[in-house]
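Taking it in order: structure first as structure tokens, then the write-up.
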Amino acid sequence: MFAGHFGLAAAAAATKKAPLWALMVSTQLLDILFVPLLLGGVERIDSSEGSGYGEGVIHADYTHSLIGALLLAFAAAAFAKRRWGTSGGWLIFGMTFSHWLLDLLVHRADMPLLPGHLDGLPLMGFGLWQSPYASLAAEILLILAGLILYGRSAFRRSSVNGTAARAGWSTLAMGVCLIAALASDWLGV
Ligand SMILES: [Zn+2]
């Protein structure tokens, strides 16, 4: 769901409430923080079912717990509110937490309620990854929706200030980035 998260960031960029880089980072914040915890052995990926697209069971018990994700979203929102105001803060909160919601859709049941799975309750995840083509279709829908909203907003602004070529190039660049993200997702590179 690497590309799908970026698709949502592209869609949110149309609101102009926060810069594109902040939207990109916030939609991936949980996975960004997962990397050092993975390297440190605190969180891990169980690849016993395979290491292809969506085949791993991800034990990200801190970054991808429901309460952990909400706390990270509030922290990101507090950072954003200082820079881009209240609406920017809420947008960054939504983008950060959207990662958990989209992951809930695709992950196998490996997402806990409390950090460290302290609650011991059943793990969550609807497991769309078990149908690779269905989850690929969901990602394509997200990046298409994101690209359309991003392009529409860019061209609408360009009709005001006469920069249609720039809008075209920025939409093309966004499309290339989203497709590259989808390819790397699918190929696991
Ligand atoms: Zn994730």
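Whatever order the structure lists ligands and atoms in, that order sets their numbers, starting from 1.
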Asp31: which N/O/S atom is nearest the Zn ion (ligand 1)? OD1
With a cut-off of 2.8 Å, does His99 place any N/O/S atom under that distance from the Zn ion (ligand 1)? yes
Does any N, O or S atom in His64 come within less than 2.8 Å of the Zn ion (ligand 1)? yes
Residue pair Asp103 / His5, side-chain donor-acceptor N/O under 3.5 Å: yes
Is it true that the NZ or CZ of Arg82 lies under 6.0 Å from the centre of Phe79's six-membered ring and within 45 degrees of the ring axis? no
May I ask you to decide if the ring planes of Phe6 and Phe2 are parallel, tilted or perpendicular, using 30° and 60° as cut-offs? perpendicular
For residues His59 and Glu43, determine if any side-chain heavy atom of one lies less than 4.5 Å from a side-chain heavy atom of the other. no
Closest to the Zn ion (ligand 1), which N/O/S atom of Asp103 is it? OD2
